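Since the structure comes first, as structure tokens, the remarks are kept for the end.
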Amino acid sequence: MLEQWLKELLTAKARSLRFSLFPPVCLLCRQPGQHRLDLCAGCQANLVTMGPCCGRCAEPLAQSGSLCGRCHQQLPVFDNVFAPYLYSPPVTRLITAFKFQRQHSAGHALGILLSKAVKEALRSGQLSSPDCLIPVPLHPWRQISRGFNQAQILARDISRQLDSGPDRLPVSSQLLQRVRKTQPQPGLKLAERRRNLKGVFKMIGKPPPQVALVDDVMTSGSTVNECARVLKKAGCKTVQVWVLARAERPA
Ligand SMILES: [Zn+2]
Ligand SMILES: [Zn+2]
């Protein structure tokens, strides 16, 4: 707990020092950025926000207020999905820079974008406040090779942004663990994705009644659905899914 608090403090201090030494520069167009954000106002306005979507899984649809075909057939285990952006350029550029090129300034910008959207949605009543945030875990070996878990960084950013308000949210990174490695999901069909995830996640301890799973991108929803299944089996009543971007589902 103390170690976590110290890490948070150092990260916040390092960021404030970084912005006092180097003013923010837009990661997309290299123009001056905004206050402590490496994104200019123009590029931020060009990010594609979510339009009409499924009321349960946020699959993009022609009209809001209904369920997609797949949710009509079988409702997912998770209760709702909050995704402020569509997974399309230039959001994709920022996510690639963060996850695969290890540009921490891109991770910080994405964390700020998601945190701001969550904060507004909590204030407006679009979202209800969970008891804690649970980052979708990576397998320990993958986390070591990547050097970080992007979901954990986003969850900590949300927690830090809400730190001073009444909606303070702790991050529980140890509750849910990935105990088996999986094939990377992107090349797989939906049924294969589900099979690929059997027995992958395990609970360590008892979860609180209301949680929000946090991740960078949701595509088929199979991963978060499997996490939600394990969480509900362990006693969770409500599992929300908060992601930065929603991609269209593969066939
Ligand atoms: Zn820009
Ligand atoms: Zn749906």
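Read the numbers this way: they start at 1 and go in the same order the structure lists the ligands and their atoms. Not measured: the values here are computed from a predicted model.
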May I ask you to decide whether Arg123 forms a salt bridge with Glu120, counting only side-chain N to carboxylate O separations under 4.0 Å?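 No.
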Lys/Arg-Asp/Glu bridge criterion (N-O < 4.0 Å) met for Lys232, Asp79: yes
Opening angle between SG in Cys43 and SG in Cys29, taken at the Zn ion (ligand 1), to 10 degrees: 110°
Quick one: sort the Phe98 and His104 rings into parallel, tilted or perpendicular, breaks at 30° and 60°. perpendicular
So if I apply the side chain to side chain contact (heavy atoms under 4.5 Å, CB included) rule between Ile134 and each of Val211, Val214, Val239, Asp215, which one comes out positive? Val211
State, to the nearest 10 degrees, the angle whose vertex is the Zn ion (ligand 2) and whose arms point to SG of Cys71 and SG of Cys57.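 Taking the Zn ion (ligand 2) as the apex, I get 110° for this pair.
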Measuring to the Zn ion (ligand 2), does Cys68 have an N/O/S atom at a distance below 2.8 Å?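 Given the 2.8 Å cut-off, Cys68 counts as a ligand of the Zn ion (ligand 2).
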Counting backbone and side-chain atoms alike, is an N, O or S atom of Cys53 positioned under 2.8 Å from the Zn ion (ligand 2)? no
